[in-house]
Colleague: 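Here it is, the structure in full.
Counting begins at 1 with the first residue of the sequence.
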Amino acid sequence: MSEPATETGCGVRGDERLTPVELRTLFLFESLDEAQLARFAEHGRVERYPAAARVYEEGSPATCFYVLLSGTIALSRRVQGDEIELNRTEQRGVYAGATQAYLAEREGQVYPHSMLAISDVELFSLPADVLATALREWFPMATHLLEGMFLGLRASQTIVGERERLLALGSLSAGLTHELNNPAAAAVRATAVLRERVAHMRHKLAMIADGRLDGSRLHELVELQEEAVKRAAGAAPLSAMATADAEDELSDWLDDHDIAGGWELASTLVAGGIDAEWLERISGAVGGENLEAAVRWLTYTVETEQLMCEIAEAVTRMSTLVAAAKQYSQLDRAPYQTVDVHDLLGATLTMMQAKIPEGVRVVKEYDRTVPLIPAYAAELNQVWTNLIDNAFSAMREEGGTLTVRTGHDTERVFVEIGDTGPGIPAEIRPRIFEPFFTTKPVGEGTGLGLDISYRIIVNKHHGDIKVESHPGDTRFRVLLPITPA
């Protein structure tokens, strides 16, 4: 009969043990000899935890190595204050905890993540120092190789990770700066012209209102100005042919009334919805002597309205870009939230606008009935970025079409990124999701994009990512569950 549970370095545990024969049924220990199994059986214990219990906490001293005997567990990490689930499994024999006990420097080792019991679980726990001694004694060469590989991989991941973050930040900044520069320059230019036109308006108004017009005519002229503003704001765009005909007609009217530079005024007036019939009303209001000053005053009015619309459009464009940047980075959002995949795709395409190669056309085929889904939005944006960037790279030399397509069935939403590039050769297709595998030239790719995308979709969202590729038609299809996994 087992003794009552006691508090040890491995948490709350009983005195129940596994026999060497039982240990051999776990794939991790199946190749050990009898003496090795006996050592682990002597020092290991069976621990039981109820559902929702914490087996160990991230950052606490790594004192035990755990092997799952039964039940379901989940591993999670804290990222900027939020707990992110890394993995969930019920596979007997999987292990976690003090997995780095073989390192020579064990001082200060902590658990790299937390373990949570999803259901009632049984675990075989082994003190980390027992595991460390056994590994270094039984497998010295393998231990040295593992230690070197771990330390080398950690150093390389640090360097590559920092480089990737800098490149991503640089690409994001460059794209955003490029996109912001155009509307900002347009707003600056329009503001400078607007200041000049307002000055001209004041000058012409002074000429008109210097006593040569009585109050009723001046009032009528101001009313015509208000009408001109409304016409300019609601003017419908004309075809090139219709615009040319309207400008010719208006230019002839201005010439007939001895207004100099009529062809310059005509383009502004036509764009503002002004025609010759409307100009006759100005002539009737101010008479021939003040007609040119009045027409120019109203032309400046129309032009200032157009300039203000241009400024408003430029500022709106900048605001939209900033909103897209926030949507893309998810800076002010919870990591796990209900999202519309179209919003995420739109933000990503906006941020990548400057990276679209010459000769590449972007086509969106969105199914607007796609439901909202629970997801880690920032990570999904990273997936779209990786897939779209790869598609652009495939079409950089010959051009082509990028197609972004969405749809859904009863259980899953799909997002498909397609390109018309040369395709992925069949012999390397099985390897594209491997870490550090890349087909890009040296210096242009790290081989981490698709590996990261795969882990985000499959491991984190419990979805799937598939690829079909033929010359001229490559499609990556991302499948995401509609309900929380």
Side-chain angles (χ1 to χ4, degrees), residues 5-14 26 28-29 40 43-69 71-89 91 93-118 121-140 142-162 164-165 335-336 376 379 435 452 455-456 459-460:
T6 58
E7 188 75 23
T8 72
C10 291
V12 179
R13 63 191 297 203
L26 300 169
L28 193 61
F29 306 123
F40 282 167
H43 293 283
R45 297 291 185 274
V46 174
E47 296 184 11
R48 293 182 176 85
Y49 292 86
R54 290 268 180 177
V55 179
Y56 59 78
E57 190 77 29
E58 176 186 352
S60 59
T63 56
C64 273
F65 177 79
Y66 292 93
V67 181
L68 181 63
L69 300 177
T72 303
I73 59 171
L75 303 181
S76 64
R77 288 193 65 182
R78 287 189 300 274
V79 180
Q80 295 183 353
D82 297 292
E83 187 132 353
I84 308 299
E85 185 173 310
L86 304 175
N87 193 19
R88 181 180 294 216
T89 184
Q91 180 183 350
V94 298
Y95 52 89
T99 54
Q100 297 165 13
Y102 61 85
L103 296 175
E105 290 294 332
R106 291 208 57 253
E107 189 69 29
Q109 282 192 19
V110 296
Y111 292 118
H113 44 247
S114 299
M115 181 188 289
L116 175 69
I118 301 301
V121 298
E122 278 189 342
L123 299 162
F124 175 72
S125 70
L126 192 65
D129 54 353
V130 172
L131 178 65
T133 301
L135 290 177
R136 302 191 77 82
E137 179 184 325
W138 298 340
F139 315 108
T143 303
H144 287 309
L145 288 172
L146 282 172
E147 186 173 30
M149 183 177 69
F150 171 79
L151 295 176
L153 183 60
R154 185 172 63 180
S156 65
Q157 283 181 333
T158 300
I159 295 170
V160 171
E162 290 175 352
E164 284 286 301
R165 285 190 290 273
Y336 193 71
Y376 296 95
E379 280 84 349
I452 292 171
R455 286 190 280 115
I456 289 172
N459 297 343
K460 200 161 188 178

Colleague: For the atom pair SG (Cys64) and CZ (Arg45), what is the distance rounded to the nearest 0.5 Å?
Modeller: 10.5 Å

Colleague: Do Ile456 and Tyr376 have side chains that get closer than 4.5 Å, going by heavy atoms?
Modeller: no

Colleague: Compare every heavy atom of Arg77 with every heavy atom of Pro112, then report the nearest pair and how far apart it is.
Modeller: O-NE, 3.3 Å

Colleague: Look up atom NZ in Lys460 and atom CD in Glu85, then write down how far apart they are to the nearest 0.5 Å.
Modeller: 10.0 Å

Colleague: Quick check on the 6.0 Å ring-centre criterion: do Tyr66 and Tyr56 meet it?
Modeller: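 Yes, close enough.
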
Colleague: Within the 4.5 Å heavy-atom criterion, are Leu69 and Leu26 side-chain neighbours or not?
Modeller: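 A side-chain contact exists here, since the closest heavy-atom pair is under 4.5 Å.
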
Colleague: Walk me through whether Phe65 and Leu28 qualify under side chain to side chain contact (heavy atoms under 4.5 Å, CB included).
Modeller: CA-CA 12 Å; Phe65 177 79; Leu28 193 61; 3.6 Å; yes

Colleague: Identify the two heavy atoms, one from His113 and one from Ser76, that lie closest to each other, and give their separation to 0.1 Å.
Modeller: CB-O, 3.1 Å

Colleague: Mind listing the closest non-hydrogen atom pair of Ala101 and Ala132 along with its distance?
Modeller: O-CB, 3.1 Å

Colleague: Mind listing the closest non-hydrogen atom pair of Val130 and Leu126 along with its distance?
Modeller: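 In terms of heavy atoms, the two residues are closest at CG1-CD1, 4.2 Å.
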
Colleague: Search all heavy atoms of His43 against all heavy atoms of Pro127 and return the closest pair with its distance.
Modeller: O-CD, 3.6 Å

Colleague: So, taking the atom named CG in Leu131 and the one named CD in Gln100, what distance separates them when rounded to the nearest 0.5 Å?
Modeller: 11.5 Å

Colleague: Considering only heavy atoms from C-beta outward, does the side chain of Ile73 approach that of Leu116 to under 4.5 Å?
Modeller: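 Side chain of Ile73 against side chain of Leu116, heavy atoms only: no contact under 4.5 Å found.
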
Colleague: Rounded to the nearest 0.5 Å, how far does CG of Leu86 lie from CZ of Arg455?
Modeller: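 If we round to the nearest 0.5 Å, Arg455:CZ and Leu86:CG are 10.0 Å apart.
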
Colleague: Please give me the minimum heavy-atom distance between Ala51 and Ile118, naming the atom from each residue.
Modeller: CB-O, 3.4 Å

Colleague: Once rounded to the nearest 0.5 Å, what's the spacing between atom CZ of Arg88 and atom OG1 of Thr72?
Modeller: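 The distance works out to 8.0 Å.
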
